[in-house]
Number of protein chains: 2
Amino acid sequence: MQTPSATASTSRVLEHPAREDIRLESVLHALSDPMRLLVVRSLAAAGTEQSCSVLDLPISKSTTTHHFRVLRECGVVSQIYRGTAKMNALRRDDLEALFPGLLDSVLTAADRQAERPGEDR
Amino acid sequence: MQTPSATASTSRVLEHPAREDIRLESVLHALSDPMRLLVVRSLAAAGTEQSCSVLDLPISKSTTTHHFRVLRECGVVSQIYRGTAKMNALRRDDLEALFPGLLDSVLTAADRQAERPGEDR
DNA sequence: GTCAAACTACGAGATACTTCGAACTACGAG
DNA sequence: CTCGTAGTTCGAAGTATCTCGTAGTTTGAC
């Protein structure tokens, strides 16, 4: 049940919010989950798009799917299918245009917090 | 059931997290609620401490109490009793020391978003 | 066509969040 | 002492969130 003339290389298409539909509250909420913050930090550290599975999170696959969907639906990441993999990328440009400096300050804050003593337990 | 020699001007004391106990995830979660974000923006705009009641939020008193407590318990605001009023202040210094630039970027982002077309409905 | 890999969809359980009203406490004014 | 103001506490209702396992789909490789 899909449009007959689908995309050439990629068939399944995923819905993303337009830049102007991204809400600050939703972004903050998305980043407030430890697992999702970890995902965002990993994507930022990688610099390029990453598949869902390379992150190796300590949660089940279905939970991983859930978190990536939350991140996509609130506008933090973009996702496209490449073959059997689903690649994820931070929407840096959109976030920077809407909320200048926000993502960087969150990433810096997360890094600093991770380096705080007793953070590894 | 309170220490006999209580504070002179203020009797009731409120628990606040120490600076090093403030967690990024908790702060982001606190700010992700529209009502609490509104409170934080008002406190930032005022610059000085404000009582709970001057904000005139479109919610009930008990809900207001709840939101202020969330903000205090996660380290975003400090609260002290002054007579019958409870004064609230942003913990700007603590937040800036832990998460440089974060609060300002959130406040700027919130202001910008509030000015976006069709934001008043 | 068959198979494995990667991801999704669905339902369910447990927990957490937001909101409220009603009854209560603390404080200052008179 | 009495009263009003400011805020709290205590359920409770409704909703949302996080997590999982199981079963399914899509894709590329053989």
Side-chain angles (χ1 to χ4, degrees), chain A residues 1-3 6-16 23 25-40 49-74 76-89, chain B residues 1-3 6-15 23 25-39 49-74 76-89:
Chain A
M1 206 73 67
Q2 191 176 337
T3 336
T7 321
S9 58
T10 316
S11 44
R12 293 169 286 175
V13 196
L14 292 160
E15 295 255 317
H16 291 76
R23 304 272 322 166
E25 295 90 334
S26 307
V27 170
L28 294 176
H29 172 246
L31 298 177
S32 74
D33 181 272
M35 227 43 89
R36 287 193 294 258
L37 185 56
L38 189 57
V39 167
V40 169
E49 59 180 28
Q50 301 278 302
S51 78
C52 292
S53 48
V54 290
L55 272 72
D56 194 38
L57 300 166
I59 48 176
S60 74
K61 276 205 299 180
S62 43
T63 305
T64 305
T65 298
H66 161 71
H67 284 311
F68 272 107
R69 178 169 34 183
V70 171
L71 287 171
R72 169 171 48 85
E73 288 180 346
C74 79
V76 173
V77 309
S78 61
Q79 300 185 294
I80 68 161
Y81 285 106
R82 286 209 202 291
T84 170
K86 189 195 217 171
M87 306 306 288
N88 304 273
Chain B
M1 207 71 68
Q2 192 175 338
T3 337
T7 321
S9 58
T10 316
S11 45
R12 293 169 286 176
V13 196
L14 293 160
E15 296 255 317
R23 304 271 321 164
E25 295 89 335
S26 308
V27 170
L28 293 177
H29 172 248
L31 298 177
S32 75
D33 180 272
M35 228 41 90
R36 287 192 294 259
L37 185 56
L38 190 56
V39 168
E49 59 180 28
Q50 301 276 300
S51 78
C52 291
S53 48
V54 291
L55 273 72
D56 195 38
L57 301 166
I59 50 178
S60 73
K61 275 203 304 178
S62 44
T63 305
T64 305
T65 298
H66 162 71
H67 284 311
F68 273 106
R69 177 169 34 178
V70 172
L71 287 172
R72 169 171 49 85
E73 287 180 347
C74 79
V76 173
V77 308
S78 60
Q79 301 186 295
I80 68 160
Y81 284 105
R82 285 210 204 290
T84 170
K86 190 194 218 171
M87 306 305 289
N88 304 273

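Sequence lines set the chain letters: A, B, ... in the order given, protein chains first and strands last, and positions in each chain run from 1.
The residues B:R72 and B:E15 are annotated as not salt-bridged, no charged nitrogen and carboxylate oxygen being separated by less than 4.0 angstrom.
Between the CG atom of A:L71 and the P atom of C:dC7 there is a distance of 15 Å, rounded to whole Å. Taking atom CG of A:N88 as the reference point, atom P of C:dA6 lies 14 Å away to the nearest angstrom. Between the NE2 atom of B:H29 and the P atom of C:dT15 there is a distance of 17 Å, given to the nearest Å. When rounded to the nearest whole Å, the span between CD of A:Q50 and C1' of C:dA6 equals 15 Å. Nucleotide D:dC18 holds its C1' atom 16 Å from the CG atom of A:L37, rounded to whole Å. A:R12 places its CZ atom 12 Å from the C1' atom of D:dG28, with the value rounded to the nearest Å. Following rounding to the nearest Å, B:F68 (CZ) and C:dT19 (P) show an atom-to-atom distance of 13 Å. Spacing between atom OH of A:Y81 and atom P of C:dA5 amounts to 19 Å, rounded to whole angstrom units.
For the pair B:L14 and B:Y81, the minimum side-chain heavy-atom distance is below 4.5 Å.
Between A:R82 and C:dA6, a side-chain N or O to OP1/OP2 separation shorter than 4.0 Å is absent. For C:dT18, the OP1/OP2 oxygens have a side-chain nitrogen or oxygen of B:R36 closer than 4.0 Å. For A:R69, a side-chain nitrogen or oxygen approaches OP1 or OP2 of C:dA9 to under 4.0 Å.
Judged by distance alone, the side chains of B:N88 and B:Q50 never bring a donor and an acceptor atom under 3.5 Å apart.
The only member of A:V70, A:V77, A:V76 that meets side-chain contact (heavy atoms from CB on, under 4.5 Å) when paired with A:R36 is A:V70.
Side-chain proximity of B:S53 to the nucleotides D:dT26, D:dG7, C:dA26 is greatest for D:dG7.
The line from CD of A:E73 to CD of A:Q79 is 9.0 Å long, rounded to the nearest 0.5 Å. Going from atom OG of A:S62 over to atom NE2 of A:H67 covers 10.0 Å, rounded to the nearest 0.5 Å.
Residue pairs that meet the salt bridge (Lys or Arg N to Asp or Glu O under 4.0 Å) test with at least one member in residues 50-62 of chain B, sequence neighbours left out, do not exist here.
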Step-by-step side-chain contact (heavy atoms from CB on, under 4.5 Å) determination, B:L31 to A:E25: CA-CA 7 Å; B:L31 298 177; A:E25 295 90 334; over 6 Å; no
What is the per-nucleotide protein-contact pattern of nucleotides 19-24 of chain D, from the 5' end, where B denotes a base atom under 4.0 Å from a protein heavy atom, S denotes such proximity for sugar-phosphate atoms only, and - denotes neither? BBB---
Give the dot-bracket line for DNA chain C from 5' end to 3' end: parentheses for intra-strand Watson-Crick or G-U pairs under 3.5 Å, square brackets for crossings, | for inter-strand pairing, dots for unpaired. ||||||||||||||||||||||||||||||
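A:T63 places no side-chain N or O within 3.5 Å of a backbone atom of A:I59 that could act as its donor or acceptor partner.
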